[in-house]
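Have a look at the structure below before the remarks.
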Amino acid sequence: MIRTFKALIAAALVAVAPISVQASGDQDMVEEVLVILSSDSLQTQGMAMVLSNTMAQQGAKVNVLLCDKAGDLALKNYEASPLKPKDLTPGQMLRGLLKQGGTANVCALYLPNSDYSKDDLIDGVGVAMPPEMAGQMLNPDMRTFTF
């Protein structure tokens with residue numbers, strides 16, 4: 001009888017363990033992230049946007065900093081080849097992230113060192129200010145990813 005009772009308790013613990021692990025994992029989830037994208041590689045830009053959108057769908061607040069050639073993703077006249085499997089460009093994925101509540105800024109050096117102005121950026125994209133960006137990078141509650 002005692003063995004049966006112990007076996008039932010052990011079985012119950014094994015059955016509940018995956019649920020408790022999942023629940024504690026959610027408590028440790030990062031709530032806000034900073035994605036710094038400076039690569040000019042189309043696939044790297046695409047993967048950064050795929051992961052950014054996925055993190056937003058999983059509940060994270062996603063902030064994107066676009067530097068160098070990656071700043072082009074934020075241009076109204078941005079064009080690129082769509083990437084498989086969803087046939088979307090990184091720029092289209094960026095626009096999707098903004099619709100989900102993500103934020104995006106071009107690097108403070110992007111516009112002054114290009115032929116573009118703030119008017120050339122899509123709605124919702126700002127110009128990063130170094131003190132604010134440094135604050136995000138130094139925030140221990142925010143995880144930073146670079147591509």
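Quick caveat: nothing in here was measured; it's all calculated off a predicted structure.
Linking ILVMFWY side-chain heavy atoms closer than 4.5 Å, directly or via other members, places Val35 and Leu88 in a single hydrophobic cluster. Linking Ile, Leu, Val, Met, Phe, Trp and Tyr whenever their side-chain heavy atoms come within less than 4.5 Å leaves Leu34 and Leu94 in two separate clusters. When the side chains of ILVMFWY residues are joined at heavy-atom separations under 4.5 Å, either directly or via intervening members, Met93 and Ile36 end up in two distinct hydrophobic clusters.
Across Leu37 and Ala48, no two heavy atoms sit closer than the pair CD1-CB, 4.0 Å. Shortest non-hydrogen contact noted between Pro90 and Leu73 is CB-CD2, 3.6 Å. Among all heavy-atom pairs drawn from Ser52 and Val64, the shortest one is OG-CG2, 4.3 Å. The minimum heavy-atom distance between Asp120 and Asp115, with the atom names listed, is OD2-O, 4.4 Å. Across all their heavy atoms, Leu66 and Gly71 have their closest contact at CB-CA, 3.8 Å.
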Report all side-chain donor-acceptor pairs from residues 97-110 shorter than 3.5 Å, counting only partners two or more places apart or in another chain.
{"from": "Gln100", "atom 1": "NE2", "to": "Asn53", "atom 2": "OD1", "distance (Å)": "2.6"}
{"from": "Thr103", "atom 1": "OG1", "to": "Asn63", "atom 2": "OD1", "distance (Å)": "2.7"}
{"from": "Tyr110", "atom 1": "OH", "to": "Asp72", "atom 2": "N", "distance (Å)": "3.3"}
{"from": "Tyr110", "atom 1": "OH", "to": "Asp72", "atom 2": "OD1", "distance (Å)": "2.4"}

With a cut-off of 3.5 Å and sequence neighbours excluded, list every side-chain donor-acceptor pair involving residues 121-147.
{"from": "Asn139", "atom 1": "OD1", "to": "Asp141", "atom 2": "N", "distance (Å)": "2.8"}

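The side chain to side chain donor-acceptor pair (under 3.5 Å) pairs that include a residue from residues 76-86 are Lys84-Asp87, where partners are two or more places apart or lie in different chains.
Under the side chain to side chain contact (heavy atoms under 4.5 Å, CB included) criterion, Gln43 pairs with Ser41, Leu83, sequence neighbours left out.
Residue Lys61 qualifies as enclosed at atom NZ: its count of foreign heavy atoms under 6.0 Å is above 12.
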